[in-house]
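As the structure lists them, so they are numbered: ligands from 1, and atoms in each ligand from 1. This is a predicted model, so every value here is computed, not measured. The first residue of the sequence shown is numbered 1, and numbering continues consecutively from there.
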Amino acid sequence: MIANQQQTPLYAAVKQFADAQPISFHVPGHKNGKLFAEQGLAEFQSLLSLDITELNGLDDLHAPEGVIADAQELASEWFHSLHTFFLINGSTVGNLTMILACCQPGDMVLVQRNCHKSILHGMELAGVKPIFLPPSYDKLKQRYIAPSTSSIKQALTNYTEAKAIILTYPDYFGDVFPLKEVIDLAHRSDTFVLIDEAHGCHFSLPFVSVPSAGELGADVVVQSAHKMTPAMTMSAYLHVYTSAVPLERVHYYLQLLQSSSPSYPLMVSLDLARYYLANYTEVQYKQTLRYIKAVQECFVAPDYWEVEVNDDPLKMTLRIHDHLSASQVQALFEEQGIYPELITDRHVLFIFGLEPVYPLEQLQKRLATIRDSLKHIRHAKIDVDPLFFEEETVSLALSYQQMNQQHTRWCRWEEAAGKIAAEAIIPYPPGIPLIAKGERIKGATVAKIKQLFQLSIGFQPSNPHKGIYVYEAAEGE
Ligand SMILES: Cc1ncc(COP(=O)(O)O)c(C=O)c1O
C-alpha cells in the first residue's frame, strides 16, 4: 500500500473547518446546517456542516491548487492515471466531456449502439459523425451484449480515419470483452479509446479479476464512484491515461458543463471513496466473495430462474424462466423489501457492495416467503424477434449540424419508412435505440416497432404509439 494513500486531504480540511464552529456570512443559505426545514434537520444536519463553499483553504474545483488538487492527485496515484478529475455530475458529465475534449465537429467516431444516453448526447453536442456498431446477442444469457470483438476490429480496420472509438466496459450486467486487443488496434491508427466504465470503479482493486480499462491502455476512462464503491450519488471520476488527450480541453469542458458551486459533500465522498479502495484489503474482498456465494446459493430456484454469475463478481443476474415475467418477480421481491438494481423482460439484476452488509438469515427468511408466492404465478410467454439482426455498421443520414438547421414534423408510422428520424426510439427493455436521431428509418424497423407495441413493450422517454418526429426538409431524399 502506498503510504500517503492513508490521507484524506479534502475530507480533513473540510472537517477541520466545520469543527471550528465557523460563523457564516456567506452561501449556502442553510448557514452550516443551522437553518433548515425542521422535518429534515435531524437527518441532514451533520452532512450540512460539510456543505460549504470555496472559502480560503478549501480550494476550488475549477482551479484546484490546494486540498482538492491534493485529493485528485492521490486519486490519480491510486487509479494509475496521468490525471484524475473529480466530477459532481456523475459519469454523465464525464462522458460528455471526454467526447467534447477529444473530438472536433465533423470527426468520425465509432460507437456501440447500446451505449448510455450521455454518449449519444455527447456526440450530438460535439457535432461528430457517429458510426454505430451493432450489439451482439448472447443466446445463452438472452440479452444484448457489447458488439463482437471481430466487428469492433473490422470497424477499426475499415475506418482508420476515426478520431475515437467509444465503448462501454463493463456493461450494466458487469460483463466485459477483450478490450486490450481493441485498444492496441485503435492506437495503431491514432484513434482515441474513450471508455464509459461507469460500473467499474472497483476494477482498480488489484485482486478483482477484471482489469480496468485504464490498466489496459485506454485514453480516457469515466467511472461513477457512486455505483460500485461507497460514494454519494452523482460523484464520479474522469481519468486521463495518455498524453495524447488535451488536458486543457478536458478542464475547459468540465468547468463549462459543471456547476460553479460544486458540492463539497460530493467531492469529499470522492476523496473518501479513493481512501476506502486504497485501504481495502484482499482479506475483506475474499470474505465478501464468500458472502456473495452464500447469497447466490440462497437464490437458487431452478423451477423459476437461473442464477447467473457475471464477469464482475459483485453482480448477479436471475434469468427468469418463460412461465414468469421479471416484473412479477420484481414485485414479489419488493413486497418483501428486497430491491434489485434493474429488470428487463427476463432478467433481474442484483448488485453487491464491497462488504457484506445484510445478514444471510434475514435474506433467507424473506426468500422463503417469495418462494411460496411464486407457486401461484403464471405468465404468458413473450417472444420478441431479434431487434438488431444486421451485422453492418450504420451511419446517420444527416450531420448533427444539419439536424440543427431543419424543421421537424410529426409523421404516422405508416408513412415513416424512408424519412429521417428527428428523435430516438428506444424500446425498454433493452434500452438500445432502435432508431437513432438522424438515422434514415427502414420499413423493417417500423414493422418491428409495431410488433413491440403489440407485446406492450415500453419505450423511453415516452411511448411513440402512433408515429415519430422526422426532419421536414430531408423528406424524399
Ligand atoms: C453505462 C452507463 N454510463 C453512464 C451512466 C451515467 O452515470 P451517472 O449516473 O453517474 O451520471 C450510467 C448510469 O446508469 C450507465 O449505466
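- Under the 6.0 Å cut-off for aromatic ring centres, F333 and F299 qualify, their centroids lying closer than that.
- At the top of the distance list for atom 1 (C) of ligand 1, counting protein heavy atoms only, stands D196 OD2, 3.5 Å.
- Of all protein heavy atoms, the one lying nearest to atom 6 (C) of ligand 1 is H116 CE1, 3.4 Å.
- Looking at atom 8 (P) of ligand 1, its nearest protein heavy atom turns out to be S91 N, 3.4 Å.
- Those atoms of ligand 1 with a heavy atom of S224 less than 4.0 angstrom away are 7 (O), 8 (P), 10 (O).
- Every atom of ligand 1 with a heavy atom of A198 under 4.0 Å away is listed here by number and element: 2 (C), 3 (N), 4 (C).
- For F173 and H347, the gap between ring centers is short of 6.0 Å.
- A donor-acceptor pair shorter than 3.5 Å can be found between the side chains of N158 and Q154.
- Relative to atom 16 (O) of ligand 1, the option among H199, K227, H226 with the closest non-hydrogen atom is H199.
- Using modelled atom types, one side-chain atom of S49 and one backbone atom of S46 make a donor-acceptor pair closer than 3.5 Å.
- When non-hydrogen atoms are compared, ligand 1 lies under 4.0 Å from neither the backbone nor the side chain of I119.
- A distance-only check finds no donor-acceptor pair linking the side chain of N95 to the backbone of T92 [under 3.5 Å].
- Scanning all protein heavy atoms for the shortest distance to atom 11 (O) of ligand 1 gives T92 OG1, 2.6 Å.
- By the 4.5 Å heavy-atom criterion applied to side chains, W78 and Y237 are not counted as neighbours.
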